[in-house]
Amino acid sequence: AVRRNMESKGEKREREEEASNVVETSKRLRAGSSENNDEKMDHEYSRYIVDLSGHKPAKAEDAGITVFRTETKGFTAFFKHRYSDFVVQEVDPEGNVIGLPETAQKDSEIKGLEIEPEVQLDITKAKQALEPLIGQKLSEEIELFIEGKGPYALENKETETTASTTNESQSNDSRGKKRKKRKRNRAKPTGPRFIIPDMGDKVKRTEVHGIVRNYLKGFDSQTKNGSIEVFKGGSRRKRKKKNPFLHFTLHKRNTDTMSCINHIARFLKLSTKHFGFAGTKDKRAITLQRLSGFNVDHKRLTAVMKKTLHNYMRVGSFEYQDSGLRLGDLSANRFIVILRNVQGLHNKEIEKASQALSQRGFVNYYGLQRFGTGCVHTSTVGLAILKKNFERAIGLLLMPRPNDREQEKAAKEVFMKTGNVAEAIKMTNAKMFNEKRLLHALDELGPNQPLNCLLRIPRTMRMMYIHSVQSLIWNKMASIRLSEMNSDMPVPGDLVYEIIDGKMQVSEEDDRAPPKVLVLDEKTVEKYTIEDIVLPTPGTDIQIPPNLRERYLKFMQSLGINLLEKSKNPFPEAAVTGNYRKLICRPENLEVKFIQYSANDESLVDPCFRFDVTKASTEDTEEGKETDDSTEKNAVSLRFTLPLSSYATVCVRELMKRTVGRRE
């Protein structure tokens, strides 16, 4: 115990020294003691250097978010002062809002928990099933063998014993190697065996093994030199569940969906590919959503949660199904948003503004979080990729930024000023996931393969960079459509979904193609409302509205790209097909409630959603801290439902008449 304590102290001292060295290196580099700042940095990676002096965090105008639908007055408030001020509940395809997980389920209450029936000894059924495969004579002989009436055991028992003795005398190394091989968990044949000669057909052999396993309790079989040996000593194979996918509710706080899945998979010793989800949920929030896990046992998952992961996530409401969840397997999201320290409007005026929002809706913009939180926008990286400037794209990700932490900034500065990739890798931390992957790729491939280095980033992240460019174009076109044309009614040239008998029409040839759309003319324009209009995110498979075609082309030309033409870009995610998005979104079931409070950090969300938090520091503020605890303040609780891919921050923006989030 003393030795372990000394070792832990030594390790702690080493970590502190390492962190101190990182900080000192960062200060030395910025002070210019390592290199003269006025001197041009000249190393093999110098062409990756990008000047970020003109880059700033995205504002609403930068992302094309400029138009409001309603004409009500705005007000100020604290948004996400605590992470518990933002609650997201998934709505499943049947319209059910995902509630708190049921954690006290009995096995009899879990739907779909059906296990294969226990194997029984049924010689008659086994004989009937075996006869077409091995013939009448052999099936009758195996019946006598099972009943212990026939002399059909293998004669050379001495050889059998010798082989067994030889196996037992193997070295520890050999045993270790065998243990690493994952074989079917079967009993070793120790007594007489019945031999079925080689049938020359692997499929038939498999069927014979299945018959023995399912009908002959206490017996097992194995293939040896093409023949099948049946012997006493039943398989210890665990009975499988008929429905292999465990569906469960995940209740998490202040953690993103993928981090939860990574932790669960690690403690269950499974790959993250075993898990599925309908959509990712906000990190800084309390969220409830459904997950699925392949070959995951609910008892084992519950045990892991209670032991290690209960501080920031809970699971329950188990159900077994024959298929897992996929992205998009939900119909909407239900939000609870708490706005604190509301000033500028009285309660009645806020109620009036919420009614206008409920009636007219809001412009269905992509929110600012789509474009990243730092000074380098995801769309800026995406544009560099689309222009095949892969070195610039890597540079944008690896250059030090003003909002970087000390260690992150130090690692990036080492790369920028010295080109020492190996040293930069040593200085990275666990949060620098993409940066670390890029640095490892550069260290392995060198400076002349920027495309291959970029492909080391996970595909979901690569897609995000390209999609953010499409989102920027959509936002700009939505603002132009509403500010320069009729903002209350459709006009000729607008696009709407083609719907026949209440069903949206899709391509019969390609189920991944965008839905079919109609171009409105003077005769059909009166049949639709402004809420029916859709705008495309540009791609090769979509139709551009005739009344905005020139504006689409002009804006893409100003960006130096054309997403309507088939890409010859070697970057695989650069080939975008495009899709359609509703221009206007109306929040459903909008509810407004006013709350009086005095303590700044008082929890205002329903107690049922909260976790037991012992440290107040975990509830850090988002948009600054309130300083006066003595006066009574006004808060507004909003509850509303939005369809897939619509942003709650954009909805709240319409109500407050100002952008909400970290940047404001």
Side-chain angles (χ1 to χ4, degrees), residues 60-61 63-72 331-333 356-368 370-371 467-499 504-505 514-522 524-539 541-556 563-564 576-588 590 640-655 657 659:
E61 296 77 14
I65 304 173
T66 56
V67 176
F68 291 103
R69 278 284 290 162
T70 58
E71 297 179 355
T72 54
S331 60
N333 288 296
L357 171 61
S358 184
Q359 292 170 2
R360 289 181 58 82
F362 59 93
V363 186
N364 198 20
Y365 287 122
Y366 290 96
L368 280 180
R370 185 82 165 188
F371 305 97
H467 289 172
S468 63
V469 178
Q470 293 176 290
S471 303
L472 173 64
I473 297 170
W474 192 97
N475 282 359
K476 290 282 188 180
M477 294 303 107
S479 295
I480 291 172
R481 167 62 186 82
L482 291 170
S483 61
E484 299 184 9
M485 302 179 193
N486 194 322
S487 60
D488 295 319
M489 296 175 60
V491 297
D494 282 334
L495 300 180
V496 296
Y497 286 127
E498 183 180 346
I499 298 176
M504 187 182 299
Q505 300 302 296
K516 294 181 179 180
V517 293
L518 297 173
V519 180
L520 299 184
D521 54 28
E522 294 181 356
T524 57
V525 72
E526 296 179 357
K527 299 179 182 179
Y528 298 91
T529 68
I530 191 72
E531 294 179 19
D532 296 317
I533 297 175
V534 297
L535 288 181
T537 54
D541 292 354
I542 54 88
Q543 184 173 354
I544 296 293
N547 56 6
L548 284 172
R549 183 173 182 82
E550 293 301 322
R551 304 305 295 268
Y552 266 93
L553 294 174
K554 185 177 180 180
F555 184 62
M556 285 190 288
L563 299 181
L564 304 182
V576 290
T577 55
N579 212 328
Y580 298 99
R581 181 180 177 88
K582 283 288 187 75
L583 177 63
I584 303 297
C585 177
R586 276 199 307 122
E588 296 181 2
L590 176 60
F640 53 89
T641 302
L642 296 180
L644 276 178
S645 77
S646 292
Y647 288 76
T649 52
V650 179
C651 179
V652 175
R653 167 189 176 270
E654 183 70 39
L655 182 66
K657 295 297 180 290
T659 302

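Counting from 1, the numbers follow the sequence of the chain as shown. Being a predicted model, the structure only gives us computed values, none of them experimental.
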| said: Is the shortest side-chain heavy-atom distance between Leu563 and Met556 below 4.5 Å? | reply: yes
| field | Pro587 versus Phe640, closest heavy-atom pair with distance | value | CB-CB, 4.0 Å
| query | Less than 4.5 Å apart, any side-chain heavy atom of Val496 and any of Val534? | reply | no
| request: Kindly say whether Pro538 contributes a backbone atom to a donor-acceptor pair with the side chain of Gln470 at under 3.5 angstrom? | output: yes
| query | Under 4.5 Å between any side-chain heavy atoms of Met504 and Glu498, yes or no? | reply | no
| request: Could you grab the distance from atom CZ of Arg360 to atom CD1 of Ile530, nearest 0.5 Å is fine? | output: 9.0 Å
| task | Quick one: closest heavy-atom pair of Ala478 and Leu535, and the distance? | result | CA-CD1, 3.5 Å
| request: Hey, could you give me the NZ/CZ distance between Lys476 and Arg551, rounded to the nearest 0.5 Å? | output: 11.0 Å
| task | Would you give the length of the straight line joining atom CG of Asp521 to atom OG1 of Thr524, rounded to the nearest 0.5 angstrom? | result | 3.5 Å
| note | In terms of heavy-atom contacts, Leu642 and Cys651 come closest through CD1-CB, 4.4 Å
| message | Treating Ser479 as the side-chain partner and Asn475 as the backbone partner, does any N or O pair qualify as donor plus acceptor under 3.5 Å? | response | yes
| said: Between Tyr497 and Gln505, is there a side-chain heavy-atom distance shorter than 4.5 Å? | reply: no
| note | In this structure, CD of Glu484 is separated from CG of Asn547 (nearest 0.5 Å) by 11.0 Å
| query | Within a strict 4.5 Å, meaning less than it, do heavy atoms of the Val491 and Leu520 side chains meet? | reply | no
| Which heavy atom in Leu495 sits nearest to a heavy atom in Ile544, and how many Å separate them? | CD1-C, 4.3 Å
| task | Flag the pair Asp532 and Lys527 as a salt bridge only when some basic side-chain nitrogen lies within less than 4.0 angstrom of an acidic carboxylate oxygen. | result | no
| said: Has Tyr528 got a side-chain atom pairing as donor or acceptor with Asp494's backbone, closer than 3.5 angstrom? | reply: no
| task | With rounding to the nearest 0.5 Å, note down the distance linking CG in Asn364 to CD1 in Ile584. | result | 8.0 Å
| remark: Of Val517, Leu564, Val576, the one forming a side chain to side chain contact (heavy atoms under 4.5 Å, CB included) with Ile542 is Leu564
| query | Yes or no on side-chain hydrogen bond (donor to acceptor under 3.5 Å, both in side chains) for Ser471 and Arg370, after CA distance, side-chain angles and deciding distance? | reply | CA-CA 8 Å; Ser471 303; Arg370 185 82 165 188; 2.9 Å; yes
| said: So which atom in Pro492 and which in Glu522 form the shortest heavy-atom distance, rounded to 0.1 Å? | reply: CG-CG, 4.0 Å
| task | For Thr537 and Asn579, test the side chains for any donor-to-acceptor distance below 3.5 angstrom and give the result as yes or no. | result | no
| query | Side chains of Ser645 and Tyr366: donor-acceptor distance under 3.5 Å anywhere? | reply | no
| Close side-chain approach of Pro514 to Pro536, heavy-atom, < 4.5 Å | no
| task | Report the C-alpha separation of Leu590 and Leu357 in whole Å, then their side-chain angles, then the decisive distance to 0.1 Å, and conclude whether the side chain to side chain contact (heavy atoms under 4.5 Å, CB included) test is met. | result | CA-CA 9 Å; Leu590 176 60; Leu357 171 61; 4.2 Å; yes
| field | Contact summary for Arg481 and Leu548, nearest pair of heavy atoms | value | CB-CD1, 4.0 Å
| task | Rounded to the nearest 0.5 Å, what's the gap from SG on Cys585 to OH on Tyr365? Could you check? | result | 13.5 Å
| Should we count CE of Met485 as having more than 12 external heavy atoms under 6.0 Å? | yes
| message | Just to verify, what does Phe68 make a side-chain contact (heavy atoms from CB on, under 4.5 Å) with, not counting sequence neighbours? | response | Arg653, Glu654, Lys657
